[in-house]
Amino acid sequence: LLHLLDLSVTPEAFIEGRFDQLANALDAPYRLEELTDTGLRASCRASLPGGGEVLVTRTVALGGERLDPTLDLAVTVENASGRPLEARIGLEWSLTMLGGGGNPAAWYAHRGERVRHDSTGQAVATDGIESGNESIGIALRTALEPAGDLWWAPIETVSNSEAGFERVYQGSSLLASWPVALAPGESWRAVVRQLARVTRDHAADEG
């Protein structure tokens, strides 16, 4: 998910959904420009309040092998309006490592410090973060280029069961974001690389 947020939005406000988008990049239709066996390129025009647009191009590239796959997402945002644009550009990923209930096997790790995957946290001006689950044998490196801020928090739903209202963990929201100032006609680009490492071959186990 691509977010264009006001620079005043805090991690707490984002986690609680107390913010507005500066452009409709979340639901603007994309035009598929290129499709191959290993990726795609698509673009859209997102409207800004008061007139003007931003042009967004996304490029997705798949790589690696079955036990060490990679997924690269490159995003370019161009200010196609006639006035300067200041925003926090964010790329949100919804991840799950089966980490509900404080599962000690599921984790995030940043600069040597490991926390639960269903925790809430943030890292400033970083080049990436690791996550994984030791029980299922998977580790993921999320790398940012350029360095940016990372905010993460659990994704939870509330349901009404026979026992009453229950809060259920569904996964984790990981937002990579960058404060950006763009003059008219200026563009900005970032890449988020997801590099997985599988230490347990479940297909071989089943065979």
For [Y], is there any backbone N or O sitting under 3.5 Å from a side-chain donor or acceptor partner on [X]?
X    : Y    : result
N103 : G100 : no
W188 : V180 : no
N133 : M97  : yes

So do [Y] and [X] actually touch side chain to side chain, heavy atoms under 4.5 Å?
X    : Y    : result
Q122 : E12  : yes
I155 : Y169 : no
L140 : L195 : no
D201 : R66  : yes

Flag for Y108-S172: side-chain donor and acceptor within less than 3.5 Å = yes
Give a yes or no on whether [X] and [Y] share a hydrophobic cluster (residues Ile, Leu, Val, Met, Phe, Trp, Tyr; joining criterion: side-chain heavy atoms under 4.5 Å apart).
X    : Y    : result
V115 : L98  : yes
V60  : L55  : no
L4   : L175 : no
L7   : L22  : no
I15  : I129 : no

ask   = Does any pair with a residue in residues 107-120 pass salt bridge (Lys or Arg N to Asp or Glu O under 4.0 Å), and if so which ones, sequence neighbours excluded?
value = R114-E134, R116-D118
note = Contacts satisfying salt bridge (Lys or Arg N to Asp or Glu O under 4.0 Å) that involve residues 156-170 (not counting sequence neighbours) are E156-R167
request  = Would you please test Q194 and T70 for side-chain contact (heavy atoms from CB on, under 4.5 Å) and show each step?
outcome  = CA-CA 6 Å; Q194 304 283 11; T70 65; over 6 Å; no
Taking all non-hydrogen atoms of both residues into account, name the closest pair between [X] and [Y] and its distance.
X    : Y    : result
A123 : W152 : N-CZ3, 3.9 Å
L144 : W178 : CB-CZ2, 4.3 Å
L32  : R41  : CD1-O, 3.6 Å
A106 : G99  : CB-CA, 3.5 Å

inquiry  = For the CZ atom of R31 and the OG1 atom of T57, what is their distance to the nearest 0.5 Å?
reply    = 11.0 Å
message = Could you measure the distance from the CG atom of L174 to the CG atom of L150? Nearest 0.5 Å is fine.
response = 5.5 Å
request  = Please identify each residue that fulfils salt bridge (charged side-chain N to carboxylate O under 4.0 Å, His left out) with R197, with sequence neighbours left out.
outcome  = none
For residues 43-54, which side-chain donor-acceptor pairs fall under 3.5 Å, sequence neighbours excluded?
| from | atom 1 | to | atom 2 | distance (Å) |
| --- | --- | --- | --- | --- |
| S43 | OG | E33 | OE2 | 2.6 |
| R45 | NH1 | E53 | OE1 | 3.0 |

Taking distance alone, no hydrogens or angles, what donor-acceptor pairs closer than 3.5 Å link side-chain atoms of residues 84-92 to residues at least two apart or in another chain?
| from | atom 1 | to | atom 2 | distance (Å) |
| --- | --- | --- | --- | --- |
| R88 | NH1 | D149 | OD2 | 3.0 |
| R88 | NH1 | S177 | OG | 2.8 |
| E92 | OE1 | H3 | NE2 | 2.7 |
| E92 | OE2 | S173 | OG | 2.7 |

task = Carefully, step by step, assess W93 and V192 under the rule side-chain contact (heavy atoms from CB on, under 4.5 Å).
result = CA-CA 10 Å; W93 300 76; V192 177; 3.7 Å; yes
task = List the steps and the verdict of side-chain contact (heavy atoms from CB on, under 4.5 Å) for E145 and R193.
result = CA-CA 8 Å; E145 184 182 322; R193 293 189 169 93; 2.8 Å; yes
Atom pairs and distances, side-chain donor-acceptor, residues 73-80, under 3.5 Å, sequence neighbours left out:
| from | atom 1 | to | atom 2 | distance (Å) |
| --- | --- | --- | --- | --- |
| N79 | OD1 | S81 | N | 3.0 |
| N79 | OD1 | S81 | OG | 2.6 |
| N79 | ND2 | R83 | O | 2.9 |
| N79 | ND2 | L182 | O | 3.1 |
| N79 | ND2 | A183 | O | 3.4 |

request  = With side-chain contact (heavy atoms from CB on, under 4.5 Å) as the test, would you mind laying out the steps for L26 and L1 before giving the verdict?
outcome  = CA-CA 6 Å; L26 278 178; L1 299 176; 3.8 Å; yes
query = When you look at CD of E65, are more than 12 heavy atoms from neighbouring residues, nucleotides or ligands closer to it than 6.0 Å?
reply = no
task = Give a yes or no on this: more than 12 heavy atoms of other residues, nucleotides or ligands lie within 6.0 Å of atom CG of N160.
result = yes
